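Report on one structure; see the data block that follows.
Proteins come first, then strands; the chains are lettered A, B, ... in the order of their sequence lines, and each starts at number 1. Since this is a predicted model, take the numbers as computed values, not measurements.
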2 protein chains.
Amino acid sequence: MKRLTFLLVALATLGGVVAFRAPASGQTDAEAAPSYGVKIPPGYRDWKLISVAHEEGNLNSFAAVLGNDLAIKAYREGKLPFPDGTIIASLHYGHVSSEENNKVFGRSQSFVPGSPTNIQFMIKDSNKYEKTGGWAFAHFKDGKPGDEALMNTCFPCHNQAKARDLVFTRYAP
Amino acid sequence: MKRLTFLLVALATLGGVVAFRAPASGQTDAEAAPSYGVKIPPGYRDWKLISVAHEEGNLNSFAAVLGNDLAIKAYREGKLPFPDGTIIASLHYGHVSSEENNKVFGRSQSFVPGSPTNIQFMIKDSNKYEKTGGWAFAHFKDGKPGDEALMNTCFPCHNQAKARDLVFTRYAP
């Protein structure tokens, strides 16, 4: 059950567009599980919008994906890889039906963010995080960082998006 | 059919949280249909995030709701009514299944913004727009403003949210 929870949380990653592939051994890999030591970047809630996302099913998540100035510039210029210093933030909420909106619409169709569920970050430093494709991954729930088992899931999944420098989320114009 | 289109587009309003109530007469009301004369505010794509939204059904819309600094400040301070100069922008996209994400997930669950469908704005000026609750409403599709019939639908619907100064979208923390 604990493992399932990891899977589900792992699925609720950046922009809701990150998946998870269980290591064949089922063991954590110390090599692939660095302690990124990332703290919540100050001011991230003021960053510009990259995109939005929604995951159905057990996740039932709503995401707003924001980027610092380096991230936004790289996205807009279509430049890959992202430069060192890039930070991408994914703010996750529940995906909940809005009773007050549905009342106005006269039918059940409106979904809005529920309570925040977690905040996730990708931080680019091609030297410091060389072993994980140049990225650190971070996950915070109620201000507390994700544990090692959860953090082990980030890189193997993101590494599937090598062609896009490990970033799944595309820019919404 | 044309009328239905208006209804649907009208429903795809600010943050996907605006509904529509057809005038009993079925006629447009010149008094309630001012020519707001609003142009697309420069730099709106750089504004801060207010929230995200999704409408199911025919709309099938994904929205990112952004605000200028006055809007964000008022939201964060919980102050109503919004001050003159407030602008709220709702960027609408199709709500589309992401094949590339689903491939990673191994199942169909991921939704991302499709093509942009329209951009909508609410602009507060309590004197200039006194007849419509202090707000101008604007709608742009491919850069072209919404026609009179469409614009007639904005105020009657938003006026249902009088207790929140005609704004449906709540701030996502």
Side-chain angles (χ1 to χ4, degrees), chain A residues 11 15-21 45-66 69 72 76 89 91 93 95-98 100-116 119 157-158 160-161 163-164 168-173, chain B residues 11 15-21 45-66 69 72 76 89 91-93 95 97-98 100-116 119 157-158 160-161 163-164 168-173:
Chain A
L11 286 167
V17 295
V18 176
F20 171 79
R21 209 162 266 181
R45 185 57 184 78
D46 288 341
W47 292 351
K48 290 167 189 163
L49 178 79
I50 297 170
S51 190
V52 297
H54 164 50
E55 299 300 328
E56 279 186 344
N58 291 329
L59 283 177
N60 192 38
S61 70
F62 225 150
V65 186
L66 310 180
D69 287 344
I72 295 294
R76 289 179 180 173
L91 290 60
Y93 308 89
H95 187 259
V96 305
S97 180
S98 169
E100 62 186 357
N101 293 347
N102 291 337
K103 200 179 285 180
V104 177
F105 275 116
R107 58 177 176 174
S108 182
Q109 68 163 57
S110 186
F111 291 85
V112 295
S115 296
I119 310 170
C157 174
H158 278 267
Q160 296 176 73
R164 284 156 60 200
F168 289 91
T169 302
R170 295 180 181 275
Y171 183 82
Chain B
L11 285 168
V17 295
V18 175
F20 171 79
R21 210 162 264 181
R45 185 59 182 76
D46 288 341
W47 292 350
K48 289 166 188 164
L49 178 79
I50 296 171
S51 191
V52 297
H54 165 49
E55 299 300 327
E56 279 186 344
N58 291 329
L59 285 178
N60 193 37
S61 69
F62 226 151
V65 186
L66 310 180
D69 286 345
I72 296 294
R76 290 178 179 174
L91 290 61
H92 289 110
Y93 309 88
H95 187 260
S97 180
S98 169
E100 62 187 358
N101 293 348
N102 291 337
K103 198 178 288 180
V104 178
F105 275 115
R107 59 178 176 174
S108 182
Q109 68 164 57
S110 186
F111 292 85
V112 295
S115 297
I119 309 170
C157 174
H158 278 267
Q160 295 176 74
R164 283 157 59 200
F168 288 92
T169 301
R170 296 181 181 275
Y171 183 82

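Distance NZ/Lys103(A) to OG/Ser110(A): 13.0 Å, rounded to 0.5 Å. Summarising the geometry, atom CZ belonging to Phe168(B) is positioned 9.5 Å from atom OG belonging to Ser98(A); distances are rounded to the nearest 0.5 Å.
Only the side chain of Leu91(B) comes within contact range of chain A, with at least one heavy atom under 4.5 Å from a heavy atom of that chain. Within the 4.5 angstrom heavy-atom criterion, no atom of Ile72(A) approaches chain B. The parts of Pro173(A) that come within reach of chain B are both its backbone and its side chain, each placing non-hydrogen atoms under 4.5 angstrom from that chain. Within the 4.5 angstrom heavy-atom criterion, only backbone atoms of Ser108(B) (N, CA, C, O) approach chain A.
Between Phe62(A) and Phe62(B), the two ring planes are tilted [angle within 30° to 60°].
Heavy-atom neighbours of Asp69(B) CG from other residues, nucleotides or ligands within 6.0 Å: at or below the threshold of 12.
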